[in-house]
Every structure is written in C-alpha cells, then in structure tokens.
Amino acid sequence: MNYYKKNEEQELAFNQTIIKYIKIMLICLLVYMIFWLLGIVERFVVKLPIDIRMIWDISCLIFGIQIYIVGFYNLKHPEVFKIRFPSNNENESKKKSGLNEKEINEIQNLIDTFLEEKKGYRRPELSLSILANEINTTTNKLSWVLNNIYKKTFYELVNEYRVEDFLQRIEENDHKEFTVVSIAFDVGFNSKSTFYKAFKEITNFTPTEYIRKVENLQRQ
C-alpha cells in the first residue's frame, strides 16, 4: 500500500481507487482468517459456543465473496494493475541510473514527439510503462528523465498537455457545442474527478471559472 501511494503520480496520469480497494481486500482477508482460526481453535483447542461447521461455512462464504469482488473489480477497472511492482533488478538499476547525455537527449526527443506531434497524451489509459514501450526505452530510464530533466512526475507532464489541449478547445469555443466533460475525455482524461483536480492544480481555476473568464474577454 505504501508503495502504491508513493508511486501513483510517478507512473499514472489518472486517479485510481486502488488504495481503497487494497484496504477492503485486506479487511476481507483479515475477517476470513479470524473465522478460519476460530474454526481451528474450536476443533483442536477449546469448544466454542458456535458450531464449527457454521464458523467454516462463514469463512468459506467470506472467501468466496472476496474472490468474486476481486474478479469483478479487476474486469471493471483493469487500470488497477497499471502500477508495476519493481523486481530486484529494477531496484538495482534505479540506484545506478547511468544515462549519458546522448541517451538523455534521445529519450527527451522521443517523449516530445510522442506527446506533441502524435498527441499520445490523448490516450486515456496512458501510463509510464505504456509510454516507455512506445518510445522503446525502459521505465527506469524514462522515469529518471522525467524527474531529473523535466522536473515533473508522469502525472504532471501528461496532464499539463491535456489541460493545454482543453484550453485551446475552449479558446475555439468548442464548449458551446460540446459539454466540458466530453471535451475533457477527448483530450485524454478518463474521469471527471481527475480532470477537475488536474485543471485546478495547473490553472488555479475551475473549468467553469475559466470558461467564464474567456467569454468575458471575447465580449470586450
């Protein structure tokens, strides 16, 4: 859980409910283990006022429900596993992070091309690992360049492009033809909450406040 909290904005350009999801799963697992242990105690240590068959039935029911929740949630929200858990080799390479100037410039050019020319930020599922694959580099090298050259997290960089695209669409009066949320989805956001959070962080305005400001300037 601590790893996911730390790395969410390093690797994703959207908000997840993964922390809440993990907490629920751990609580379900804890309840299951408690009932399972009660069954063991009742069977081999001391008789409890509850029938052992009922205890094990309850534990099996909880376990079955948990499996169902895991399957349903992962089908509905496949982005849960967008954050990679590092291997030992990746941890070692992070410590070394040996990139020469030529490699840094190549990666930087590929990032700019993907985001500016190809407008890859419009892909709502875009993550650090997907971008690394698109520009044919490793996630460790990409992460190092973002943090040390761009001085931004993956979340910050991608959503800056998205918000800039959104602002351009507002300047072109697209909001008079489409809803704010539909424009946000067009530029790559995959949820209303992520869009509003990123927009406020970058512009210090809400979308409504910004649109009102643009319309007032256009009337002058």
Which value, rounded to the nearest 0.5 Å, describes the distance between [X] atom [atom1] and [Y] atom [atom2]?
X      : Y      : atom1 : atom2 : value
Tyr155 : Thr194 : OH    : OG1   : 6.0 Å
Phe114 : Ile135 : CZ    : CD1   : 8.5 Å
Glu134 : Leu142 : CD    : CG    : 11.5 Å
Tyr121 : Asp165 : OH    : CG    : 3.5 Å
Lys192 : Thr179 : NZ    : OG1   : 9.5 Å
Lys197 : Ser191 : NZ    : OG    : 10.0 Å

Original post:
Is it true that Lys152 and Glu160 have a side-chain N and a carboxylate O under 4.0 angstrom from each other?
Top reply: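 Between Glu160 and Lys152 there is a salt bridge, with a charged N closer than 4.0 Å to a carboxylate O.
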Hey, is the main chain of [Y] close enough, under 3.5 Å, to the side chain of [X] for a donor-acceptor pair?
X      : Y      : value
Lys141 : Thr138 : no
Thr113 : Asn109 : yes
Ser143 : Asn140 : no
Asn216 : Arg212 : yes
Asn133 : Ser129 : no
Asn100 : Glu103 : yes

Minimum side-chain heavy-atom gap [X]-[Y] below 4.5 Å:
X      : Y      : result
Phe185 : Pro124 : no
Asn105 : Gln108 : yes
His175 : Glu215 : yes
Val158 : Phe154 : yes
Glu209 : Lys200 : yes
Pro207 : Phe195 : yes
Val180 : Ile170 : no
Glu116 : Tyr161 : yes

**OP:** Might you work through the side chain to side chain contact (heavy atoms under 4.5 Å, CB included) test for Leu29 and Tyr32, ending with a clear yes or no?
**Re:** CA-CA 5 Å; Leu29 185 60; Tyr32 165 72; 4.2 Å; yes
Original post:
With sequence neighbours left out, which residue pairs that include part of residues 172-186 fulfil the salt bridge (Lys or Arg N to Asp or Glu O under 4.0 Å) condition?
Top reply: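 As it turns out, the salt bridge (Lys or Arg N to Asp or Glu O under 4.0 Å) pairs with a partner in residues 172-186, which skip direct neighbours, are Arg169-Asp174, Arg169-Asp186.
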Original post:
For the hydrophobic clusters of this structure (ILVMFWY residues joined by side-chain heavy atoms under 4.5 Å, transitively), does one cluster hold both Ile211 and Val181?
Top reply: no
**OP:** State which residue, out of Leu157, Ile149, Thr137, fulfils the side-chain contact (heavy atoms from CB on, under 4.5 Å) condition with Ile111.
**Re:**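 The option that passes is Leu157.
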Original post:
With a cut-off of 6.0 Å (strictly less than), are more than 12 heavy atoms of other residues, nucleotides or ligands near CD of Glu101?
Top reply: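 Result for CD/Glu101: open.
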Subject >> Check: Phe189 ring centre within less than 6.0 Å of Phe199 ring centre >> reply: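 They do not qualify: ring centres at least 6.0 Å apart.
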Original post:
After noting the C-alpha distance and the side-chain angles of Val187 and Gln168, does the key distance pass the side chain to side chain contact (heavy atoms under 4.5 Å, CB included) rule?
Top reply: CA-CA 10 Å; Val187 300; Gln168 183 63 37; over 6 Å; no
**OP:** Before giving the answer on side chain to side chain donor-acceptor pair (under 3.5 Å), spell out for Tyr150 and Asp112 the whole-Å C-alpha distance, their side-chain angles and the decisive distance to 0.1 Å.
**Re:** CA-CA 11 Å; Tyr150 288 86; Asp112 292 340; 2.7 Å; yes
**OP:** Mind listing the closest non-hydrogen atom pair of Ile130 and Glu125 along with its distance?
**Re:** CD1-O, 3.2 Å
Original post:
Which pair of non-hydrogen atoms, one from Gly120 and one from Leu126, has the smallest distance, and what is that distance?
Top reply: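 Shortest heavy-atom separation between Gly120 and Leu126 comes out as O-CD2, 3.7 Å.
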Original post:
Step by step, would you call Ile104 with Asn148 a side chain to side chain contact (heavy atoms under 4.5 Å, CB included)?
Top reply: CA-CA 10 Å; Ile104 292 171; Asn148 294 277; over 6 Å; no
